[in-house]
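First comes the structure, then the notes that go with it.
Residues take their numbers from the sequence shown, with the count starting at 1. These values consider heavy atoms only, across backbone and side chains, with no hydrogens, waters or symmetry-generated copies.
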Amino acid sequence: RQGTCVSVLLKRHLPAGDEVLAPNYAARKYSGLEMEGFDLPDTEYDERKQTILLVEDNNAMLRYLYKKLSEKYNVCVALNGNEAMKKFKTYPVAPDLIISDVMMDKVDGFKFARIISENPDYNHIPFIFLSAKISTKDRAQGLKLGALDYIQKPFRTEELIHKINSVLENAARQKRSLLNNTIRALRMMNNQHATLHEKEEDTANVFEQNCSIYNLTTREIDIARLICEGHSYKVLGDTLFISERTVKKHVQNIFEKVGVSNKVQLINKLQA
């Protein structure tokens, strides 16, 4: 759709002969409906504050929300979904909350929300719609796209501010909880690794002590260690650069010294 065309018929004024135009009169070259320019800058990023992305093409509404929120939060602004996506690249951090109108040029609120929901880097960001579109179908579509709420314009400012504060506080709690759980899990893994390492060291010490008790030579200790690790005679020979027949001779000597007749008994005695 291109928009709405409105035609107004005015009676033509025909000045009288003695009627004089006011001095310095100049006809306006604009309709009077033009809006003030959108020159609202993003707030300077403060790492101590959470960040809100406002997507709104109504200048008065944008400035009003900007004024209400910028004291407590970082606020970056966009006129439509297309500009909003650029903010993800130009602002120092991704927003902690997105507040968006629905009816906008280029990329509207629904399309913008769909883009966010399909991006794994951003689909965790809470999303709130502010819109004059109040049909049940519109509200259902907004919530289906993953929005936390669909708030009708006009709205009560206090309720909106409370909603924003609540959403961001919950998001901050979830981040802290995730961080704490991650740290806790890493500590448990480190403890388990340390315990396993200690057990391995204990096993190695016991093995060395037992080999010393049974007077095994250095070569016999190497062979016994490989047997305890579960390797075959062929692997033992390849590892120690000796023939398999020589390995068997060494193994038989080890069996006699330790007083066992097979590998299982040897492992149990040396690692006990």
Side-chain angles (χ1 to χ4, degrees), residues 45-51 74 85 87-97 115-127 146 167-272:
Y45 175 64
D46 184 343
E47 63 180 9
R48 297 168 297 179
K49 298 179 179 180
Q50 291 173 289
T51 301
N74 298 313
M85 290 304 303
K87 294 293 181 177
F88 283 86
K89 299 180 180 179
T90 58
Y91 204 70
V93 296
D96 297 289
L97 172 65
I115 293 172
I116 293 297
S117 68
E118 293 173 352
N119 189 317
D121 294 329
Y122 306 133
N123 58 14
H124 66 282
I125 301 174
F127 203 109
V167 168
L168 289 175
E169 286 172 5
N170 286 336
R173 279 196 296 269
Q174 289 175 357
K175 285 183 179 180
R176 287 195 297 269
S177 177
L178 179 61
L179 179 60
N180 290 336
N181 289 337
T182 301
I183 292 174
R184 191 178 300 112
L186 288 173
R187 285 176 178 170
M188 290 180 62
M189 289 176 60
N190 289 335
N191 291 338
Q192 291 173 354
H193 179 74
T195 301
L196 180 61
H197 184 66
E198 290 175 0
K199 288 181 178 179
E200 290 175 347
E201 286 187 344
D202 291 341
T203 301
N205 291 334
V206 169
F207 175 84
E208 295 288 345
Q209 291 173 4
N210 288 334
C211 288
S212 177
I213 291 173
Y214 293 113
N215 296 318
L216 299 185
T217 65
T218 302
R219 173 52 58 88
E220 289 172 344
I221 291 174
D222 291 337
I223 292 173
R225 180 179 289 108
L226 291 172
I227 290 174
C228 290
E229 292 175 0
H231 297 295
S232 66
Y233 288 170
K234 184 178 187 310
V235 172
L236 267 66
D238 292 341
T239 303
L240 300 175
F241 301 102
I242 57 179
S243 67
E244 190 171 341
R245 177 181 295 178
T246 303
V247 170
K248 290 180 180 179
K249 288 182 179 180
H250 281 300
V251 171
Q252 190 60 42
N253 290 336
I254 294 171
F255 284 175
E256 291 177 0
K257 286 184 177 181
V258 178
V260 297
S261 59
N262 57 60
K263 292 181 181 180
V264 175
Q265 294 176 351
L266 176 68
I267 294 171
N268 288 336
K269 272 207 170 184
L270 294 182
Q271 293 186 343

Step-by-step side chain to side chain contact (heavy atoms under 4.5 Å, CB included) determination, Glu256 to Gln252: CA-CA 6 Å; Glu256 291 177 0; Gln252 190 60 42; 4.0 Å; yes
Calculate, to the nearest 0.5 Å, the distance between atoms [atom1] and [atom2] belonging to [X] and [Y] respectively.
| X | Y | atom1 | atom2 | value |
| --- | --- | --- | --- | --- |
| Thr239 | Leu236 | OG1 | CG | 6.5 Å |
| Leu240 | Leu226 | CG | CG | 5.5 Å |
| Phe207 | Arg225 | CZ | CZ | 5.0 Å |
| Cys228 | Ile223 | SG | CD1 | 12.0 Å |
| Asp222 | Cys211 | CG | SG | 9.5 Å |
| Thr217 | Ile254 | OG1 | CD1 | 7.0 Å |

Specify the closest pair of heavy atoms between [X] and [Y], including all atoms of both residues, with the distance to one decimal.
| X | Y | value |
| --- | --- | --- |
| Pro126 | Val167 | CB-CG1, 3.6 Å |
| Gln50 | Leu168 | NE2-O, 3.1 Å |
| Ile125 | Ala94 | CD1-CB, 4.5 Å |
| Tyr214 | Leu270 | CD1-CD2, 4.1 Å |
| Ser261 | Gln265 | N-OE1, 2.9 Å |
| Glu220 | His250 | CG-ND1, 4.4 Å |

Other residues, nucleotides, ligands: >12 heavy atoms within 6.0 Å of Arg245 CZ: no
More than 12 heavy atoms from other groups under 6.0 Å of CD on Glu229: yes
Under the 3.5 angstrom rule, does the side chain of [X] hit a backbone N or O of [Y] as a donor-acceptor pair?
| X | Y | answer |
| --- | --- | --- |
| Lys269 | Val260 | no |
| Asn74 | Thr51 | no |
| Lys257 | Asn215 | yes |

Parallel, tilted or perpendicular: ring planes of Tyr122 versus Phe88, cut at 30 and 60 degrees: tilted
